[in-house]
Protein chains: 2
Amino acid sequence: MKSTGDPAPKLRLLRAAAALLAESDGASVSTRQITEAAKVTAPTLYHHFGDKEGLFDAVVAEGFAEYLAAERSIPASGQPIEDLRRHWDNHVQFGLDHPQLYLVMFGNIRPERRPSTVATAEAFLEEVLRRAAAASRLVVTPHEAARSILAANIGVTLMLISETAEKRSLELSVMTREAVLSAVATDSEADPVTDTEGTPAVVVAAIALNAALQSSHPDQLSGPELKLFLEWLHRISSRSGS
Amino acid sequence: MKSTGDPAPKLRLLRAAAALLAESDGASVSTRQITEAAKVTAPTLYHHFGDKEGLFDAVVAEGFAEYLAAERSIPASGQPIEDLRRHWDNHVQFGLDHPQLYLVMFGNIRPERRPSTVATAEAFLEEVLRRAAAASRLVVTPHEAARSILAANIGVTLMLISETAEKRSLELSVMTREAVLSAVATDSEADPVTDTEGTPAVVVAAIALNAALQSSHPDQLSGPELKLFLEWLHRISSRSGS
DNA sequence: TAGCACCTATAACGGCGCTATATGAAGTGG
DNA sequence: CCACTTCATATAGCGCCGTTATAGGTGCTA
């Protein structure tokens with residue numbers, strides 16, 4: 001066996017491909033760029049990966065492993081719905097951290113290349129949802145819930161990726177997340193305010209109020225008052241500190 | 001002027017490109033295939049479209065025009081929410097009818113190529129939502145609602161496209177549609193809090209935020225700030241009856 | 001008829017994914 | 001120490017791709 005671990009060129013190819021993919025803003029990366037960056041000649045690439053697609057499959061597999069590791073690192077707190085929120089946010093964050101990789105993983109979807117990524121993510125999410133179902137929090141089957149949540153999660157992430165970093169606002173994510181979750185599960189008991197430090201209910205309410213104020217300006221507040229009020233509202237809704 | 005309408009080669013190129021794109025299951029289409037199918041030589045393509053990308057842009061523009069025409073053909077019934085459902089379903093249907101075109105239009109998203117498609121679709125949807133807002137059915141701004149709905153709509157459509165036709169089930173679409181819609185709008189007048197005139201959404205949101213703030217104080221606002229904020233919040237929610 | 005846009009074709013360039021073939025390095029049995 | 005096998009890397013090149021410099025044809029205007 002090859003117990004003497006020194007697969008330098010293969011690893012260099014993987015790293016080079018991943019780096020070039022991450023840098024190239026959507027443009028395609030050529031095998032010549034990759035082999036040159038890895039200081040290797042063409043046949044080496046094909047010896048190890050068979051194909052350009054094989055190489056990128058390996059890159060995607062690595063990224064997907066990282067994604068799954070992050071997902072698995074989210075512990076099962078006692079509150080399944082809160083767990084779902086964290087998984088959603090983690091998904092979005094991964095997409096924003098590795099946009100190019102994410103596009104290959106979730107945006108490119110060719111009919112049957114899919115299983116390795118979307119299907120696995122779906123299965124994992126379904127597992128989390130089974131815990132929610134066990135806590136009698138689900139209104140639909142875990143399978144259906146997983147598909148709906150994942151679809152919306154991907155849609156939101158793709159939209160956020162396609163926006164420039166400055167215009168990007170996570171309100172879209174929070175809002176859509178709560179929409180899908182509340183349709184799929186009953187959120188805890190009647191008391192909407194959470195007991196954890198995350199306090200998403202406050203954020204959601206603030207966002208809703210802010211949105212409502214956009215379309216109808218109340219006459220109870222003067223102009224300057226309203227301006228300051230909106231600023232504070234935005235401060236509240238833009239992510240609770242630590 | 002070119003009043004003698006006979007732009008045969010340009011049209012043939014467009015048609016050939018569209019046909020080949022629709023047939024090719026995700027695989028890339030070469031200019032040589034296209035020019036051969038259009039019975040034209042290479043320079044003709046570049047004379048008319050400048051670029052391979054320019055040609056596909058034209059194809060996408062045609063498909064997008066068809067999409068928008070279908071969207072516009074949906075009349076404004078008296079019920080804005082029902083209209084939104086129809087627009088959602090039309091979006092999904094277009095994606096399933098022209099999967100390859102749809103992937104280019106909504107799945108490929110390179111940072112700045114986007115405007116011509118997603119942004120326009122978003123603007124159109126926002127317009128429909130403005131009608132809902134005028135009927136006091138919206139809980140958030142039309143802009144935010146449009147983004148959320150469109151993101152979920154795209155996510156669902158991409159997921160459906162990536163599935164084989166037999167496993168495909170529209171339950172996913174209906175379920176997610178209702179989830180997003182019910183989070184963004186109040187369906188009909190079932191909600192007793194909403195009276196059709198005035199600005200109830202603001203009041204409702206203000207009350208909700210106030211309730212949430214009672215149990216968890218955010219650290220983004222200082223003590224005095226929070227005090228004033230709450231006072232204003234109270235002023236907004238206690239608006240005297242019309 | 002000459003000139004002038006416009007449109008199309010011939011032929012080729014450089015870059016791409018990929019590979020037939022050869023060379024080196026490392027371990028094994030005689 | 002030497003064949004011999006096995007794996008890993010390199011040389012050189014094939015055919016396809018997107019693209020273009022150049023030239024030829026076509027029909028209108030003067």
Side-chain angles (χ1 to χ4, degrees), chain A residues 1-62 100-101 103-104 108 110 112-113, chain B residues 1-62 100-101 103-104 108 110 112-113:
Chain A
M1 308 297 275
K2 45 180 170 182
S3 55
T4 67
D6 187 35
K10 186 171 182 177
L11 242 187
R12 283 207 306 271
L13 278 169
L14 259 178
R15 301 269 190 262
L20 287 175
L21 176 65
E23 290 164 15
S24 83
D25 286 329
S28 64
V29 182
S30 74
T31 59
R32 282 170 165 82
Q33 290 177 256
I34 296 171
T35 54
E36 185 180 357
K39 276 181 268 210
V40 152
T41 52
T44 303
L45 191 161
Y46 295 91
H47 173 71
H48 287 292
F49 299 98
D51 219 338
K52 183 190 186 181
E53 194 171 328
L55 171 58
F56 278 101
D57 279 354
V59 171
V60 167
E62 253 202 348
Q100 299 308 323
L101 203 54
L103 284 179
V104 176
N108 248 354
R110 271 181 297 192
E112 22 98 2
R113 123 97 47 130
Chain B
M1 309 293 276
K2 46 179 170 182
S3 54
T4 67
D6 188 35
K10 187 170 181 177
L11 243 187
R12 283 207 307 271
L13 277 170
L14 259 178
R15 302 270 190 262
L20 288 175
L21 176 66
E23 290 164 14
S24 81
D25 287 329
S28 65
V29 182
S30 75
T31 59
R32 281 170 167 82
Q33 290 177 256
I34 296 172
T35 55
E36 184 180 356
K39 276 182 268 210
V40 151
T41 52
T44 303
L45 190 162
Y46 294 91
H47 174 72
H48 287 291
F49 299 98
D51 219 338
K52 181 190 187 182
E53 194 170 331
L55 171 57
F56 278 101
D57 280 354
V59 171
V60 167
E62 253 202 349
Q100 298 307 324
L101 204 54
L103 284 179
V104 176
N108 247 354
R110 272 185 293 198
E112 21 92 8
R113 124 98 43 131

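- Contact between A/L45 and A/D51 at its shortest, heavy atoms only, is CD2-O, 3.8 Å.
- Across A/K39 and A/R12, no two heavy atoms sit closer than the pair O-NH2, 3.6 Å.
- Distance OG/B/S28 to CG/B/L20: 11.5 Å, rounded to 0.5 Å.
- A straight line from NE2 of B/H48 to C1' of D/dT20 spans 16 Å, rounded to a whole angstrom.
- For the pair B/F49 CZ and D/dG18 P, the interatomic distance rounds to 15 Å; values are reported in whole Å.
- Across every non-hydrogen atom of A/E62 and A/L14, the tightest pair is OE2-CD1, 4.4 Å.
- Separating the CG atom of A/L13 from the C1' atom of D/dA10 is a distance of 14 Å, rounded to the nearest angstrom.
- Residue A/A42 has its side chain nearest to C/dT19 when only C/dT19, D/dT9, D/dT20 are considered.
- Computed from coordinates, the B/L45 CG to C/dT10 P distance equals 16 Å when rounded to whole Å.
- Figure legend: B/K52 and B/Y46 shown without cation-pi pairing, the cationic atom not lying both under 6.0 angstrom from the six-membered ring centre and within 45 degrees of its axis.
- One N or O on the side chain of B/Q33 and one on the backbone of B/S30 form a donor-acceptor pair closer than 3.5 Å.
- At the phosphate of C/dT8, neither OP1 nor OP2 sits under 4.0 Å from any side-chain N or O atom of B/H47.
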I'd like a table of atom pairs between the protein and nucleotides 15-17 of chain C - only N or O on both sides, under 3.5 Å - with the distance next to each one.
{"residue": "C/dC16", "atom": "OP1", "partner": "A/S30", "partner atom": "OG", "Å": "3.3"}
{"residue": "C/dG17", "atom": "OP1", "partner": "A/T31", "partner atom": "N", "Å": "3.1"}
{"residue": "C/dG17", "atom": "OP1", "partner": "A/K52", "partner atom": "NZ", "Å": "2.7"}
{"residue": "C/dG17", "atom": "OP2", "partner": "A/T31", "partner atom": "N", "Å": "2.6"}
{"residue": "C/dG17", "atom": "OP2", "partner": "A/T31", "partner atom": "OG1", "Å": "2.4"}
{"residue": "C/dG17", "atom": "N7", "partner": "A/R32", "partner atom": "NH1", "Å": "2.7"}
{"residue": "C/dG17", "atom": "O6", "partner": "A/R32", "partner atom": "NH2", "Å": "3.2"}

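- Formation of a donor-acceptor pair under 3.5 Å by the B/T35 side chain with backbone atoms of B/T31 is found in this model.
- As a whole-Å value, the separation of A/E36 CD from D/dT9 P is 18 Å.
- What separates NZ of B/K39 from C1' of C/dC7 is a distance of 19 Å, to the nearest Å.
- Across its full length, the helix from C/dT1-D/dA30 to C/dG30-D/dC1 shows an angle of 20° between the axes of its 5 terminal pairs at either end, rounded to 10 degrees.
- Taking 4.0 angstrom as the limit, B/T44 places a side-chain polar atom (N or O) nearer than this to OP1 or OP2 of C/dA9.
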What nitrogen or oxygen pairs link the protein and nucleotides 24-26 of chain C at under 3.5 Å?
none

